[in-house]
Amino acid sequence: MRVKKRAFQVLSAAMAAVMVAGCAGPAATEATKTAAAAGTGTGNYDEPMTFDFYDVAANYQGTQAGWFAKVVKDKFNIELNMISPQVAGNGIYQTRCSTGNLGDIVLLERTDFTDCVKAGLIKDITADIKNYPDLMTYNDQITVLNKALPENKDGKIYGIPCQMTNTSPTSYSQDVIKSSPLLRWDLYSELGRPDIKNTDDLLDILEKMMKAHPTNSAGDPAYPLSLWKDWDGGDGMLGIANVTQLTTWYGEIIKGSNILKPDNTFIPVNSKDGAYYKMLHFLNDANRRGIVDPDSGTQDWNTACDKMKTGRVYLMWYNWQVGFWNTQDRLKDGTAFIYTPIKDQIYYADADTYYGSGRVFAVGSQVDGAKYQRIMDFLNWYASPEGLNYQHIGLNGFNYTVGSDGKYTLINDNALMDNVTVPDEFGGGGFNDGNNAINQWMVDAISKNPATGEPYNKDYWSTYKAATMTQMKKDWAAKFGAAEPVDYMKKNNILLISPNVSVSLPSDPADISIIRKQCSDLFSDYSWRMIYAKDDGEFDSLWSEMCTQMDGMGFQELSQFDKEKYQIELDAKLAVNKK
């Protein structure tokens, strides 16, 4: 306890010093202002540069390689040096903050972004951003984000939201929500496509699938569920990531140390009345049936990802996971994953991220001169249709073709999952190896591409819709009476859509930060232990023991702090719904 408090005090003192130094920093030079005024991405890029990119979303640390490296090298003569706290550990954030230089470009969770603005670690880009037309396409969203910053009465611009859309704050434009039960259609069909009343029925089905197919086609062991630890405690949620997302199957969403219920009330995340307890028990029940990958407690995301790609997993629950398996061929032969309704479920989903997903792009306060110009040129391009094509689709001529009507058609749709070799003209290497390591988009893929009038997301292209209207999709539609999963949910009134809002939430004071870290670590540790509990008695004994220890750490104080914190966001959402 004393050691942790001391570490936090050292960081606080260091950031206070940085705040003084940062606020006293020099204004942009005339050369910088002149260079930034161009704002077109056509500057003089003769001098090679490396951008240190501090990125909370990155799963990779080091220099960007492969085809995306060639794209940014050819266009801007830059290299991206990725600095990833997911790889290096959260301590790197504290270390870099204490030096006053978090990075040339930074990508942060919103609360950390707010803290870094206060500490003088983020550059004021107000005078320059108006010269960048692709960024200014999202002026409304950028302005709302920055006006919400505490003590920003002058409306200065420090950050750019991630995953903005050109739809609306209340739209829900996707066919599949972020988290729902996704089963292999062929394996489900082998069992007669039975109705699934609840998660117990789901486990029965998964157990039968594994009994019939204990291995993939290569003879490697396959399991219905394969878990990983890397993301535990992320996205501002207490708990292990493989459970936090499953709470949305019952209309609940974790907000810090609490759960927001469908009736807009908060309960502690460690309440037995919440969906975290229910879905953790679901994984324990699955493990006791022998259908959880035994590597789950030790493997990382990359290992779990390889198993998804090679057909060693029979249940997926993130909509993007199917990108590691579903292809047009698999949709045609019926071996693809698709949402399979469970009768007692009602789903929580956030609306289109019009104002952003919560993370923020920004420029480090120490950047100036020609590097500042080039960073702004790069960020403007990252928000442009050309940049978005690279982010969301890939390479013209390798990942897609453009028809005479201007519509895009997908090719090499197995490039990501099979790490297909990229031709030398595009940079060589495997496609996945050279994929964009930033791993975060400035504009969401559901946004419409002005070149095609269709979303950047290939699943919504007219050519892809036509190519994938397979017998599998027809059979699914016939059984469930809807064209797409979201259509089914809306038709049956089982989709709770939460509007997108942009609010500034308070950051943790020192004592709350310590409590949160200790409770988060304990909650995750006990959660994994409960997945492997031998029976209900041991499961509930561990749960009670965990709650007692959390209370001793100050959990009740943390829960109350988070309730007041997220009430600000909830009130904003309720206000939108009343309009």
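For T327 and D329, the side-chain atoms include no donor-acceptor pair closer than 3.5 Å. Counted by atom type alone, T452 and K407 present zero donor-acceptor pairs between their side chains at under 3.5 Å. Residues D377 and Q373 bring a donor and an acceptor atom of their side chains to less than 3.5 Å of each other. Between Q141 and S502, the side chains place no donor N or O within less than 3.5 Å of an acceptor N or O (distance only, hydrogens not considered). In the model, N399 has no side-chain atom that pairs as donor or acceptor with a side-chain atom of N412 under 3.5 Å.
We find that K371 and D104 are joined by a salt bridge, their nearest charged nitrogen and carboxylate oxygen being less than 4.0 Å apart.
In this structure, V87 and Y60 have side chains that are not in contact, with every pair of non-hydrogen atoms separated by 4.5 Å or more. Residues E47 and N77 have side chains not in contact (no heavy-atom distance under 4.5 Å, counting atoms from C-beta outward). Looking only at side-chain heavy atoms (C-beta outward), T165 and K448 stay at 4.5 Å or farther from each other. The side-chain heavy atoms of Y464 and D459, taken from C-beta on, include a pair separated by under 4.5 Å. Under the 4.5 Å side-chain criterion, counting only non-hydrogen atoms from C-beta, R110 is not in contact with L505. Contact of the Q471 side chain with the K332 side chain is not registered, since no non-hydrogen atoms from C-beta on lie closer than 4.5 Å. Under the 4.5 Å side-chain criterion, counting only non-hydrogen atoms from C-beta, L80 is in contact with F68. Side-chain contact between I375 and V367: present, with at least one pair of heavy atoms (C-beta onward) separated by less than 4.5 Å.
Taking the six-membered ring for Trp, Y347 and Y339 have ring centres closer than 6.0 Å. Between F324 and W301, the gap from one ring centroid to the other is short of 6.0 Å.
Residue-environment remark: CG (D140) exceeds the threshold of 12 foreign heavy atoms within 6.0 Å. Heavy-atom neighbours of D74 CG from other residues, nucleotides or ligands within 6.0 Å: above the threshold of 12. The number of heavy-atom neighbours closer than 6.0 Å to NZ of K73, taken from other residues, nucleotides and ligands shown, is above 12.
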Can you list the steps and then say if Q299 with S226 is a side-chain hydrogen bond (donor to acceptor under 3.5 Å, both in side chains)?
CA-CA 9 Å; Q299 70 184 359; S226 192; 2.8 Å; yes
side-chain hydrogen bond (donor to acceptor under 3.5 Å, both in side chains), that's the test. Do T303 and D306 meet it? Break it down for me.
CA-CA 5 Å; T303 304; D306 286 339; 5.7 Å; no
Under the criterion salt bridge (charged side-chain N to carboxylate O under 4.0 Å, His left out), I'd like the reasoning laid out for K307 against D295: C-alpha separation, chi angles, the key distance, then a yes or no.
CA-CA 11 Å; K307 292 177 179 178; D295 296 335; 2.9 Å; yes
Go through it in stages, so that I can follow the logic: the residues are Y372 and D128, the test is side-chain hydrogen bond (donor to acceptor under 3.5 Å, both in side chains), and I'd like the CA-CA distance, side-chain angles, deciding distance and then a yes or no.
CA-CA 10 Å; Y372 174 51; D128 308 303; 2.5 Å; yes
Apply side chain to side chain contact (heavy atoms under 4.5 Å, CB included) to Y54 and L107, showing your working.
CA-CA 6 Å; Y54 180 90; L107 198 160; over 6 Å; no
Kindly indicate, with the supporting measurements, whether the criterion side-chain hydrogen bond (donor to acceptor under 3.5 Å, both in side chains) is fulfilled by S365 and K123.
CA-CA 4 Å; S365 60; K123 192 173 188 68; over 6 Å; no
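Under the salt bridge (charged side-chain N to carboxylate O under 4.0 Å, His left out) criterion, the residue pairs touching residues 175-186 are D175-K465, R184-D186, with sequence neighbours excluded.
The aromatic rings of W381 and Y390 sit tilted, their planes meeting at an angle between 30° and 60°. Between Y400 and W461, the angle of the ring planes goes over 60°, which puts this pair in the perpendicular group of the 30/60° scheme. Ring-plane geometry between H392 and W441 is classed as perpendicular, the angle between the planes exceeding 60 degrees on a 0 to 90 degree scale with a lower cut at 30.
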For residues 425-440, which side-chain donor-acceptor pairs fall under 3.5 Å, sequence neighbours excluded?
| from | atom 1 | to | atom 2 | distance (Å) |
| --- | --- | --- | --- | --- |
| D433 | OD1 | N419 | ND2 | 3.4 |
| D433 | OD2 | N419 | ND2 | 2.9 |
| N436 | OD1 | I438 | N | 3.0 |
| N436 | ND2 | Y382 | OH | 2.8 |
| N439 | ND2 | A57 | O | 2.9 |
| Q440 | OE1 | R359 | NH1 | 3.0 |
| Q440 | NE2 | Q163 | OE1 | 2.5 |

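To the nearest 0.5 Å, the span separating OG1 on T126 from NZ on K130 amounts to 8.5 Å. In this structure, CD1 on I105 lies 8.5 Å from CE on M82, to the nearest 0.5 angstrom. The structure places OG1 of T335 at 6.0 Å from CH2 of W325, a figure rounded to the nearest 0.5 Å.
In terms of heavy-atom proximity, T111 sits nearest to S507 at CG2-CB, 3.3 Å. Contact detail for V360 and G159: the closest heavy-atom pair is CG1-CA, 3.7 Å. Closest heavy-atom contact between L379 and L135: O-CD2, 3.8 Å. Heavy-atom minimum distance, I393 versus Y456: CG1-O, 3.6 Å. What you find for A88 and I92 is that their closest heavy atoms are CB-CD1, 3.9 Å. Pairing each heavy atom of P161 with each of G356, the nearest pair is CB-CA, 4.0 Å.
Under the 3.5 Å distance criterion, the side-chain polar atoms of D232 are left unmatched by any main-chain donor or acceptor of S524. The closest donor-acceptor contact from the side chain of N500 to the backbone of Y354 lies under 3.5 Å.
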